[in-house]
2 protein chains.
Amino acid sequence: MPVSALVSAFVPAGSRMDCACCDLDERAFCAGLAQTSSALRAIRHDMRMEAQATVFREGDATDHIFTLVSGAVKLSKLMIDGRRQIVGFLFPGDFFGFGHNGLYGYTAETLSPVTLCRFSLLSLDTVVAGSRELERRLLNRMIAELSFAQEQMLLLGRMSAREKVAHFLLMLSRRATQRGDVPSPLSVPMSRLDIADYLGLTIETVSRTLTGLKKERLITINGNTQVDLLDMQALEQIAAGGCLC
Amino acid sequence: MPVSALVSAFVPAGSRMDCACCDLDERAFCAGLAQTSSALRAIRHDMRMEAQATVFREGDATDHIFTLVSGAVKLSKLMIDGRRQIVGFLFPGDFFGFGHNGLYGYTAETLSPVTLCRFSLLSLDTVVAGSRELERRLLNRMIAELSFAQEQMLLLGRMSAREKVAHFLLMLSRRATQRGDVPSPLSVPMSRLDIADYLGLTIETVSRTLTGLKKERLITINGNTQVDLLDMQALEQIAAGGCLC
DNA sequence: CGCAACCTTGAGCGTAATCAACAAGCGTGG
DNA sequence: CCACGCTTGTTGATTACGCTCAAGGTTGCG
């Protein structure tokens, strides 16, 4: 029996019609639910956006949540004088758009052309009303997100530039692996400015630090959007000191 | 009809027997549910701990979640060389103890004598099985927590020492107000070291910055555990630049 | 090919860290 | 009761890491 037959045993024929654009499978928070929850199907909508587009802005009313199907997205917070902090980079399978007090807490912008799966959301209650399984998954994802955010606090508050950059590269590599990509010819879809604003550094420091790692033969850099991790162990040594990493 | 009669209409007589130690009312995530959910009652347990005690350690298996009933708690992450980041201060009504992959992501220690309400938790599913309302509340709290964590990333990554300290004092004041305390003779139950590890600074810088604010007559300091905010507006001016604050 | 955006490299500076000494609060015991 | 030591906080001097300002390279697109 071919593998495809096994898969189709779990995904009833015709179910792909509703989520045709989506090849996330079990990476999606709604995996296996779009078929069973008509409420979820009713409120979803496919979107495509070009690179450098704004999905929504910090302070906008939260009317939708999103799952990233392909491409990459950044989430950022801005200070009135222009200082910026990127609070997350998103890759296929990640979702975003939960806000507090009915307002988005960050701006979401695309780093590349993306496809999104959008769910209209009058209130959080509405979207989860149809499925208790969905709510449970959302809660688990939020716990993971919060865990990740706390890691990032340690990085921002207590790590040196060198440690931050090494940690960043390894984080990208780990997440690439999780989505089924190779760990080492690493795709870096964000600019130096984005990296700087994510790590709490300046572009110059990011550039200098990457050059430093290159000179130590721990990485090579190809055209600003690709990095080879030549010595993962050494990088982990630098990034370590991290709590039970 | 007195207000107390209205309240008792919603809180059946005898229900306080099970949560006698708890005067959190609607601040607790389980407010109104401990009466209706026998599952929740069955797994809860009251605890008292002295100051400077460890509730659990980063990396321990997650076997319980906690609601803080009285006192104050700090959550921290440690690096192998001793660098530390405090990822949260908790006050009555806050809950904590959610971990990722079955492990606590931070150490929880008491800042003062505390009373806790502990819920045993073989898995997250177990605790929420009895009440969909409970799950919904937990999700909403997690969203708020994540929002707060992202604020903190902006602080750690992009604010000056002065801005960090002003922001910290105002945050304490705002949370005191939320729990019904006065905003200004501010109780500061944590040490300078704890403040430093929360803001990504050193104790010396925290001390110098507080002295600076004192000299500008924006605050006064009484015995290291109490601060008067003399000019909230000026402090907000300093802390501002924050996203839509 | 030419231009603009992005990245790298260099020089000098500034904020917060480090190192060090001192002061204040507090509990203990002589 | 005060002397003592210990912990915690403050203040000062110096250092260093990363920021700022500036110039020079790359890259990629029209």
Side-chain angles (χ1 to χ4, degrees), chain A residues 50-52 74 79 81-86 109 111-113 155-169 187-216 219-227 238 241, chain B residues 50-52 74 79 81-86 109 111-112 155-169 188-216 219-227 238 241:
Chain A
E50 72 277 28
Q52 320 304 335
K74 66 185 176 195
M79 293 172 72
D81 59 4
R83 280 177 288 177
R84 198 176 64 140
Q85 178 67 40
I86 290 187
E109 293 161 288
L111 291 171
S112 64
L155 178 144
L156 289 168
R158 289 299 180 213
M159 287 192 191
S160 69
R162 191 178 158 79
E163 291 168 330
K164 285 176 175 180
V165 171
H167 190 100
F168 174 69
L169 292 174
S187 164
V188 182
M190 60 291 286
S191 70
R192 294 290 184 272
L193 182 58
D194 287 338
I195 298 172
D197 283 344
Y198 183 64
L199 299 177
L201 299 171
T202 59
I203 44 174
E204 293 94 331
T205 300
V206 171
S207 184
R208 271 186 259 270
T209 307
L210 284 171
T211 307
L213 295 175
K214 190 168 68 179
K215 281 182 180 156
E216 295 173 59
I219 61 172
T220 56
I221 301 175
N222 312 313
N224 295 335
T225 63
Q226 199 184 47
V227 173
I238 295 167
Chain B
E50 71 277 27
Q52 321 303 334
K74 66 184 176 195
M79 292 172 73
D81 59 5
R83 279 177 288 177
R84 198 176 64 141
Q85 179 66 42
I86 290 185
E109 293 161 288
L111 292 170
S112 65
L155 178 143
L156 288 168
R158 290 298 182 216
M159 288 192 190
S160 70
R162 191 176 157 82
E163 290 169 331
K164 286 176 175 181
V165 170
H167 189 102
F168 173 70
L169 291 174
V188 181
M190 61 290 286
S191 69
R192 295 292 184 269
L193 181 58
D194 286 339
I195 298 172
D197 283 342
Y198 183 64
L199 299 177
L201 298 171
T202 59
I203 45 175
E204 293 95 331
T205 299
V206 170
S207 182
R208 270 187 260 271
T209 307
L210 285 171
T211 308
L213 295 175
K214 190 170 66 180
K215 281 183 181 158
E216 295 174 60
I219 62 173
T220 56
I221 301 175
N222 313 314
N224 294 334
T225 63
Q226 199 185 46
V227 173
I238 296 169

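In what follows, chains are A, B, ... by sequence order, proteins preceding strands, each numbered from 1.
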(message) By the 4.0 Å heavy-atom rule, please label G200(B) as base, sugar-phosphate, or nothing.
(response) sugar-phosphate
(message) Could you tell me how far apart I203(A) (CD1) and dA5(C) (C1') are, to the nearest whole angstrom?
(response) 11 Å
(message) Rounded to whole Å, how long is the line connecting atom CG of L210(B) with atom P of dA16(C)?
(response) 14 Å
(request) Report the distance from atom CG of L193(B) to atom C1' of dA17(C), rounded to the nearest whole Å. (result) 14 Å
(request) Please tell me which of the listed nucleotides, dA17(C), dG12(D), dG9(D), lies nearest to the side chain of S191(B)? (result) dG9(D)
(message) Checking contacts here: which listed nucleotide (dA16(C), dT20(D), dT8(C)) is nearest the side-chain heavy atoms of L201(B)?
(response) dA16(C)
(message) Looking at T211(B), I'd like to know whether one of its side-chain N or O atoms comes within less than 4.0 Å of OP1 or OP2 on dT10(D).
(response) no
(request) Ignoring the backbone of E204(B), work out which of dG9(D), dG10(C), dC19(C) is nearest its side chain. (result) dC19(C)
(request) Spell out, as yes or no, whether a donor-acceptor pair under 3.5 Å connects the side chain of R83(A) to the backbone of R158(B). (result) yes
(message) With a cut-off of less than 4.0 Å, is there a side-chain N or O of T205(A) near OP1 or OP2 of dG18(D)?
(response) no
(message) Quick check for you: among dT10(D), dT11(D), dG10(C), whose closest atom lies nearest to any side-chain atom of R192(B)?
(response) dT10(D)
(request) Please tell me which of V206(A) and T225(A) maps to the more 5' nucleotide of DNA chain D, matching each residue to the nucleotide holding its nearest heavy atom. (result) V206(A)
(request) Kindly point out which of dA16(C), dC19(D), dT8(C) is positioned nearest to the side chain of S160(B)? (result) dA16(C)
(message) Could you check whether the side chain of R208(B) and the base of dG9(D) have a donor-acceptor pair of N or O atoms closer than 3.5 Å, going by distance alone?
(response) no
